[in-house]
Every structure is written in structure tokens, then in C-alpha cells.
Amino acid sequence: MPESPSAYQEAFRPQFHFSPPKAWMNDPNGMVYHQGIYHLFYQYYPDDIIWGPMHWGHAVSKDLLHWKHRPIALEPDEKGYIFSGCAVVDVNNTSSLGSKENPPLVSIFTYHDEQRKQAEEKSFQSQALAFSLDQGKSWSKFEGNPVLLDENLIDFRDPKVFWHIEIEKWIMIIACGDHVRIYHSPNLIEWEYISSFGQGQGCHEGVWECPDLFELSLGESGRSKWVMLVSLVKGGPNGGSVTQYFIGEFDGFSFKNEGVEQEIKWLDFGTDNYAGVTWYNAPTEKGEKVFIGWMSNWDYAASTPTENWRGAMTLPRTLFLLDLDEGIYLGMKPFSSILNLRDKEIQLERTIKKNSVIEWIASIGHSPLLALLVKAWDKDFLKLELKFTSEGGKCLYVQLDPIKGELLLDRGKLENEGLGDKFTPLLKAPLLKGSQKEGLHIFLDTSSIEIFSCGGAINISAQIFPKENFYKIEVRGEGSGFEEVDISLFELKSIWK
Ligand code: FRU
């Protein structure tokens with residue numbers, strides 16, 4: 001498949017989200033920060049725009065927004081396809097794959113043996129290593145692969161590994177169908193089973209995939225919690241693939257969920273934020289982690305109307321804990337470098353109508369790239385509606401309804417043909433009472449919208465496929481509390497120009 005000469009200008013090509021140069025992409029993999037560079041690997045099939053034998057594609061960035069493509073890092077071989085996994089910097093050369101002076105970057109991934117799967121053999125997924133001694137430019141597979149097998153597991157994939165400071169061991173969390181398992185290793189090569197988590201916990205409508213486990217401090221309280229992310233193929237609140245999270249304690253051996261067992265916490269209520277995990281080693285403020293997800297859904301990923309490539313990542317996001325009236329939540333906000341993409345500010349014209357209705361209108365000059373901020377407000381109001389309209393009269397709606405306690409995105413008025421029955425046009429999320437006045441942040445790219453609300457605790461990320469760009473945005477507020485609401489709108493720059 002040749003890279004198209006007009007790559008990055010094709011219809012629906014995201015302009016400030018990562019997408020591959022050509023062909024099919026799904027999960028983000030191997031995210032590691034090393035010597036000032038963020039590495040992003042991804043599930044990649046370079047020969048078609050549908051899923052196939054998986055490779056690891058590779059890109060690098062200094063700000064998580066502007067990316068340079070690198071050659072494919074890992075190709076499938078006789079042991080299998082290269083499924084999802086992670087990468088770490090082995091600073092102490094525990095693996096002996098590098099040296100103390102030149103510590104190796106080590107990726108830990110799943111080999112998926114499609115032939116064994118077709119032959120209905122049980123263990124067709126195993127864990128393996130590859131390493132780089134030139135800061136991620138080239139990768140060699142470890143000769144002793146695989147490093148971890150389990151004869152009894154059908155689903156055994158997507159390892160995420162980190163160094164645990166207190167117990168001085170590598171910890172692996174890995175998805176095993178309806179639970180995750182924790183393993184220990186002194187050297188990334190020999191792994192010992194320690195514990196499991198998951199049966200009877202959270203949502204089990206789909207197979208569990210792509211887990212992550214990390215500690216976050218809770219504001220200035222001096223306390224901290226462990227967060228476990230688990231993606232599941234189906235069962236999302238608005239249908240299809242979705243990511244849930246658990247908050248609890250982890251002593252290096254076992255994870256204890258502090259929430260109610262059956263209560264489900266969704267990372268994102270949108271249908272297009274899947275298989276996301278965090279960067280290893282990224283420099284962050286205390287209490288933060290950097291995250292990216294695949295902006296699609298297994299329900300319709302293969303039918304999205306793009307031509308030379310398929311798949312994009314969400315905006316990179318900062319994760320943090322929020323101590324709210326309703327309990328402890330995981331919050332998300334766009335990674336701060338997005339501010340550097342602000343181009344010109346667009347003025348909104350504000351009119352006060354009768355019956356405490358305020359309207360703002362802006363002509364957005366066909367710019368498909370927008371950041372709209374409705375800043376935090378103090379007073380109660382009845383409803384906030386936003387409408388993006390295209391020349392042909394097609395609309396995208398966002399509504400925040402404090403009375404119903406609901407945030408809603410309606411992408412059903414856009415052309416959605418070809419996406420199939422499982423594409424949910426109307427996406428809903430419950431607002432949290434105590435933090436619903438925290439404002440709304442909305443990011444619109446050529447084929448996606450990302451909405452952050454309730455201080456980042458309740459979010460909707462969704463793909464959209466408008467045939468024409470929007471030319472007008474209208475905001476309508478009902479209720480006297482609106483007088484004070486402050487809105488700003490920015491055009492954003494493309495990352496590919
Ligand atoms: C998640 C997933 C992973 C697997 C990979 C295969 O989207 O199904 O569990 O490793 O994609 O491409």
C-alpha cells in the first residue's frame with residue numbers, strides 16, 4: 001500500500017490527532033519516554049485498511065502532538081503476530097540485554113499464534129521481549145522468546161510492566177479473559193505468578209484487554225491510590241468497546257478494589273476511546289500520568305469511511321485523581337501542549353433573548369479545528385445547548401442538562417451511512433452533581449469530538465464523519481444563571497503543516 005501523495009489532506013484525516021501514514025492502526029503500544037522523546041508504538045497492519053497480521057508501527061514526538069513516523073519496529077514472525085504490549089527503560093540493565101552505560105529499552109509484547117488459534121489449540125498467546133540499544137531506533141527480538149506462557153489460558157495478552165520501587169521488582173499486569181494477573185520479575189525474563197483480580201468485579205460483558213496499573217497521589221492530602229484500567233471489547237454504557245477503571249490499594253502483590261464490587265467506573269462515556277494506557281517514565285507533575293487511547297471501537301472500526309488509512313489516537317491526556325462528593329474519580333484533561341496549537345481566537349456574538357435565554361453565535365469560517373471552552377460557572381441554570389452546523393444543514397449537538405443530570409452528544413444528524421447498526425448516534429453520560437459547574441472543554445477535529453466535563457471526571461470521545469466542515473456554531477443557555485457564563489473559542493493549527 002503506497003503512502004498517498006496527499007497524505008494528511010484526505011477526507012476525514014485528523015489534523016491534530018495522531019494517525020498512521022497509511023493503512024490500519026488500532027491500540028497504542030509501548031509508550032515510553034526516554035531522553036526527551038515520547039515514543040508511541042501502535043498495532044499496525046501496513047498492507048490494508050482492515051486488521052491483519054499485527055506489527056508495531058512507531059512514531060516519536062517531543063510534545064505528544066507533533067509526530068515523526070519511524071520505520072516499523074516489530075514485524076510478525078514464525079512465533080506469531082505482534083499484539084499489544086508496553087516498553088520500559090531498564091536503567092539498571094536487570095535484563096542484561098544492554099549494559100549499565102547503555103541501558104536497553106525493552107518492549108514486552110504478546111505473540112499471537114494465529115495458526116494455533118485456527119487449530120483450536122488452547123495456548124496461542126504468549127509474552128515476549130524485544131530490545132533496543134540505540135534509543136528506540138532499531139529493535140531486536142530476544143532469543144529466548146517467549147518469556148511467559150500459560151498452557152491453560154485462551155486469552156493471555158497485553159502485558160503492561162513497571163518497576164515497583166518498594167519491592168524492587170518488575171511488575172506485570174496482563175489480561176486473561178475475565179480477570180487480570182499480576183506477575184513479578186527481577187529481570188524482565190523470568191516471571192512468577194503472584195495474584196489475580198477481576199472475577200465478580202466491574203463489567204464483564206466483553207473480554208478484558210489492555211490493563212494498566214499505576215499510583216496517583218490525591219491532591220495535597222498526602223494520600224495516594226492505585227488505579228487499574230481495564231478495557232473490555234464490548235459492554236460500554238453507549239455500546240461497544242470501552243475502558244473501565246478501579247481505584248484501590250496495591251502493595252506490590254495484590255490489588256484491592258476500594259469501590260463497590262459491581263459499581264462500574266467508565267473512563268470515557270464516548271464510544272471512541274479504547275485500549276488506552278499510560279506512558280512509562282513520562283515527566284509529570286506529582287499525581288499525574290500521561291495517557292492515550294485508540295479513537296475507535298471494535299463494533300465499527302472496520303467500516304469507518306476513510307480511504308488510505310484507518311484509525312487515530314485520542315488527544316494525549318493527563319490523568320489525575322479527583323476527590324468529589326460522589327467519591328474518588330479518575331479525571332482526564334488534554335495534555336498541556338494543546339495550548340500551543342491555539343491559532344486565532346474567534347469572537348462569539350452574544351444576545352440576551354427573552355425568558356432568560358442567552359445565545360452566542362460564531363461563524364467559524366469552515367475551520368474544522370476548534371477548541372471551545374465554556375468556563376466554570378457559579379449559578380444553576382436549566383440547559384446548555386451547542387450546535388455545529390454545516391453548509392448543507394447537517395448538525396452536531398451537545399447538550400448539558402443539569403435537571404436531567406445528563407451530558408449528551410448527538411452525532412445522528414450527520415451522515416453515518418456504512419457504519420452499521422452498532423454505531424450509536426446518541427451518546428449519553430451522567431453528570432456528577434457536585435462538579436457539573438466545572439465547565440466544558442470541547443475539541444473538534446475533522447473526524448472527532450472530545451468533550452471533557454465535571455472537571456474531567458465525565459467525558460465523551462467520539463468519531464464523527466461530517467461530509468462538509470461546520471461553518472457556524474451556536475450556543476444557547478436557558479436559565480438566569482447564564483449571565484455569567486464565559487465562553488471562548490479558538491481555531492487550532494494543524495500538526496501536519
Ligand atoms: C485490543 C486488542 C488487544 C490485542 C490487539 C490486537 O484492541 O484486541 O487485546 O492485543 O487489540 O490487535
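None of these values were measured; they are calculated from a predicted model. Atoms within a ligand are numbered from 1 in the order they appear, just like the ligands themselves.
If you number the atoms of ligand 1 from 1 as listed, the ones under 4.0 Å from a heavy atom of D27 come out as 1 (C), 2 (C), 3 (C), 5 (C), 7 (O), 11 (O). Ligand-side atoms of ligand 1 in range of F83: 4 (C), 6 (C), 10 (O), range being under 4.0 angstrom from any heavy atom. Below 4.0 Å from some heavy atom of S84 lie the following atoms of ligand 1, by number and element: 5 (C), 10 (O). If you number the atoms of ligand 1 from 1 as listed, the ones under 4.0 Å from a heavy atom of M54 come out as 12 (O).
We find that D77 and K141 are joined by a salt bridge, their nearest charged nitrogen and carboxylate oxygen being less than 4.0 Å apart. For K225 and E215, the salt-bridge test fails: no basic side-chain N is under 4.0 Å from an acidic carboxylate O. With respect to the salt-bridge test (charged N to carboxylate O, under 4.0 angstrom), the residues R317 and D268 qualify.
When the shell of 6.0 Å around CG of D134 is examined, it contains more than 12 heavy atoms from other residues, nucleotides or ligands.
Looking at N26 against ligand 1, only its side chain comes within 4.0 Å, counting heavy atoms.
One finds the CG atom of L315 at 7.0 Å from the OG atom of S448 (value rounded to the nearest 0.5 Å).
For ligand 1, the polar-atom distance check against D158 finds a nitrogen or oxygen pair separated by under 3.5 Å. Annotation: Y274 places no N or O atom under 3.5 Å from an N or O atom of ligand 1; distance criterion only.
Side-chain atoms of Q127 and F156, non-hydrogen and from C-beta on, do get closer than 4.5 Å to each other.
Taking only non-hydrogen atoms, the option from M25, E209, Q43 nearest to atom 8 (O) of ligand 1 is E209.
With a 6.0 Å cutoff to the six-membered ring centre and a 45° limit on the axis angle, K333 counts as a cation-pi contact of F320.
Residue contact annotation: Y81 has no non-hydrogen atom under 4.0 Å from ligand 1.
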